[in-house]
Amino acid sequence: MHPEFVEQRNASPGRRRAITSLIVLVIGLQAIAGFKLLCPPKALGFLAPLRIACPPTLWPFTDYPMYSRAWAAGSSLPRFRVVGYSRLGAALPFEREEFGVTHRRYREQFVQGLLIQAEDLYRPVLDVWRARYPELSRVELVEDPIVVLEGGDLVDGERRTLRSYRLADDGSLIDARARPR
Amino acid sequence: MSERSRVERVARWWNDYWFRPSPSFDLAVCRIGLIGFELFMLCVPFAVLTIPPIQMMAIHAALPLSDYQPLPILQLITLPLGGDYRPTLEHLEWVYLAAQISGVIALVGFWTRTAAAVFALARTFLIAHMFSYGEFHHIETVSTIFLLLLPFSPCGRVLSVDAWLARRRDRAAGRPVLPILEVRDPFAGWPMRVIRIVFAIVYLSAAMSKVLGSGLDWLNGYTLQRYVLQGALYWGSDVGVALAHHFHLIVALGWFSVIFESTFVAVLRWPRLALLYLPLGILFHVGIWVTIRAPFMIWLICYSAFVPWSRVAQSLLSTIRRPGAPRPTP
């Protein structure tokens with residue numbers, strides 16, 4: 001062997017044994033978790049006693065079932081949009097990028113806030129919209145699904161209005177179905 | 001062949017596979033890459049994560065006790081603090097700070113193994129705590145395993161302050177000092193080999209989940225098309241939306257995913273296949289990130305366990321070395 005700098009004192013049998021145990025432990029745990037050896041499917045009822053370490057019990061050792069469910073043609077995907085109107089019924093676009101609202105903020109604050117009617121979530125983004133379009137008087141949250149057709153074509157599904165709001169003078173939103181006082 | 005000689009043969013094979021002297025440089029590059037990236041995520045979380053750790057800690061710490069279901073690894077780490085221990089926000093912030101400090105120290109390689117151990121424990125503590133409220137993710141798994149292995153290896157043998165000090169001492173004492181790229185250690189190779197096997201199992205597990213769970217239906221194109229579109233719409237990826245409109249490409253990518261994941265294990269038997277599989281893996285994970293924003297970038301850093309960095313460095317050095325010029329000491 002070329003003058004490889006090998007510290008033989010480090011290669012003691014005791015240390016090798018300890019590292020060997022660690023290697024076996026790590027690979028063993030990953031194999032058990034990865035192949036679900038201690039978490040067989042519920043459908044196999046006779047293996048139920050083996051279901052003792054289902055994820056995430058052994059984390060960071062785990063299986064990887066993400067995106068494993070199969071889908072067929074005809075399935076539809078929900079897509080949420082927020083649309084606004086003036087008093088005269090003209091559509092007022094929500095220009096996310098122009099307003100400087102990130103996709104995440106739009107989705108997690110604005111859409112979610114409108115969906116659960118949480119003013120603290122939707123109000124900051126709504127105020128940006130109102131500042132650009134003072135004539136904004138009505139806001140709707142609609143579900144605009146995409147349907148996957150045979151052959152992979154994507155088409156718009158049937159639009160459904162999930163929430164409809166009127167804008168109050170103080171800038172808050174009032175459920176359009178509620179009777180005005 | 002007698003029983004004893006069979007056992008000896010297996011033991012010899014085992015020792016040769018796991019403990020043959022390997023370049024310390026390779027392991028040191030893995031240490032720097034892995035800890036460097038993790039440290040970057042801790043210090044500049046907005047660059048990678050959607051919700052920064054401090055904000056996430058505050059959210060979790062405010063949740064009721066009934067929501068807290070500690071992962072066993074977190075219970076193991078906090079065992080000295082008692083079985084009922086639940087970290088407070090203040091404790092989490094302290095551990096976060098400890099992770100940052102120990103990460104810097106482990107990165108530069110001062111008291112390397114101790115610092116790497118503190119960093120690995122602190123980071124695992126933070127991640128495991130985050131996953132102790134009913135939701136867990138897979139992105140951090142391989143890197144966590146790799147981080148937890150590093151302190152058991154001579155990961156600071158070169159490219160570290162420890163190594164620099166040791167070499168200075170050796171020079172002063174007149175002891176021979178080897179060039180960095182030639183330093184080998186019987187314990188420098190095993191963590192990287194373990195991670196290679198972990199990767200093989202992980203990919204095989206992913207392929208098995210798809211094929212055993214859904215059969216060949218998974219490859220019908222509609223499945224991947226839906227996942228791409230779902231992720232792209234949710235995360236706002238124009239590339240993902242555009243890809244979803246190319247059905248034949250989607251079908252091909254579905255086949256590629258399953259073939260790649262199920263055959264990655266071949267790299268263990270034929271290491272040269274890494275030249276094919278690593279670039280494909282990089283494309284695979286970058287593609288996933290671009291289309292559905294699943295950030296498995298840390299896995300690409302963990303791919304460093306497959307790369308013979310010392311040989312790469314030797315080749316680079318010999319390429320840039322002028323003919324006839326005196327050989328520089330690396």
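Chain identifiers are assigned alphabetically (A, B, ...) following the order of the sequence lines, protein sequences preceding nucleic acid strands; residue numbering begins at 1 within each chain.
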Pick one of side chain, backbone, both or neither for [X], based on which atoms fall under 4.5 Å of a heavy atom in chain B.
{"X": "A:Leu149", "value": "backbone"}
{"X": "A:Leu29", "value": "neither"}
{"X": "A:Val24", "value": "side chain"}
{"X": "A:Ile27", "value": "both"}

Part of [X] lying under 4.5 Å from any heavy atom of chain A:
{"X": "B:Leu224", "value": "neither"}
{"X": "B:Phe247", "value": "side chain"}
{"X": "B:Ile197", "value": "side chain"}
{"X": "B:Ala207", "value": "neither"}
{"X": "B:Asn220", "value": "side chain"}
{"X": "B:Ile292", "value": "side chain"}

_Would you say the rings of B:Phe187 and B:Trp18 are close, in the sense that their centroids are separated by under 6.0 Å?_
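Between B:Phe187 and B:Trp18, which both carry aromatic rings, the centre distance is not below 6.0 Å.
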Ring-plane angle category for [X] and [Y], please: parallel below 30°, perpendicular beyond 60°, tilted otherwise.
{"X": "B:Phe136", "Y": "B:His138", "answer": "tilted"}
{"X": "A:Trp129", "Y": "A:Phe94", "answer": "perpendicular"}
{"X": "B:Phe260", "Y": "B:Phe284", "answer": "tilted"}
{"X": "B:Tyr133", "Y": "B:Tyr68", "answer": "tilted"}
{"X": "A:Tyr67", "Y": "B:Tyr227", "answer": "perpendicular"}

*Does B:Arg12 make a cation-pi contact with B:Trp14, if we ask for NZ or CZ under 6.0 Å from the ring centre and within 45° of the axis?*
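No, B:Arg12 does not lie over the aromatic ring of B:Trp14.
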*Identify whether NZ of Lys or CZ of Arg in A:Arg105 sits under 6.0 Å from the centre of the six-membered ring of A:Phe110 and within 45° of that ring's axis.*
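No cation-pi geometry.
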Ignoring hydrogens and geometry, is there a side-chain-to-backbone donor-acceptor pair from [X] to [Y] under 3.5 Å?
{"X": "B:Gln225", "Y": "A:Gly152", "result": "yes"}
{"X": "B:Ser143", "Y": "B:Glu140", "result": "yes"}
{"X": "B:Ser214", "Y": "B:Val211", "result": "no"}

Under a 4.5 Å cutoff for heavy-atom pairs, which residue among [options] has the most contacts with chain B?
{"options": "A:Met66, A:Arg107, A:Gln30", "answer": "A:Arg107"}
{"options": "A:Ile19, A:Val26, A:Val148, A:Thr57", "answer": "A:Ile19"}
{"options": "A:Asp153, A:Thr102, A:Ile23, A:Ile146", "answer": "A:Ile23"}
{"options": "A:Arg69, A:Lys36, A:Arg79", "answer": "A:Arg69"}
{"options": "A:Gly34, A:Pro56, A:Ala31", "answer": "A:Pro56"}

_Intermediate values then yes/no, salt bridge (Lys or Arg N to Asp or Glu O under 4.0 Å), B:Arg167 and B:Asp170_ = CA-CA 5 Å; B:Arg167 293 164 82 82; B:Asp170 286 346; over 6 Å; no
*Under 3.5 Å, is there a donor-acceptor pair linking the side chains of B:Ser22 and B:Arg193?*
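Side chains of B:Ser22 and B:Arg193: pair found under 3.5 Å.
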*Flag the one option from B:Phe152, B:Trp190, B:Phe131 with the top tally of heavy-atom pairs under 4.5 Å to chain A.*
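Maximum pair count with chain A is reached by B:Trp190.
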*In terms of heavy-atom pairs under 4.5 Å, which option from B:Lys210, B:His248, B:Arg226 contacts chain A the most?*
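The answer is B:Arg226.
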_Please output the residues of residues 70-77 of chain B in contact with chain A, using a heavy-atom cutoff of under 4.5 Å, in numerical order._
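So the qualifying residues are B:Leu71, B:Pro72, B:Ile73.
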*Side-chain contact test, heavy atoms from C-beta onward, threshold under 4.5 Å: evaluate it for B:Val142 versus B:Ile298 and give yes or no.*
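Answer no - side chains too far apart.
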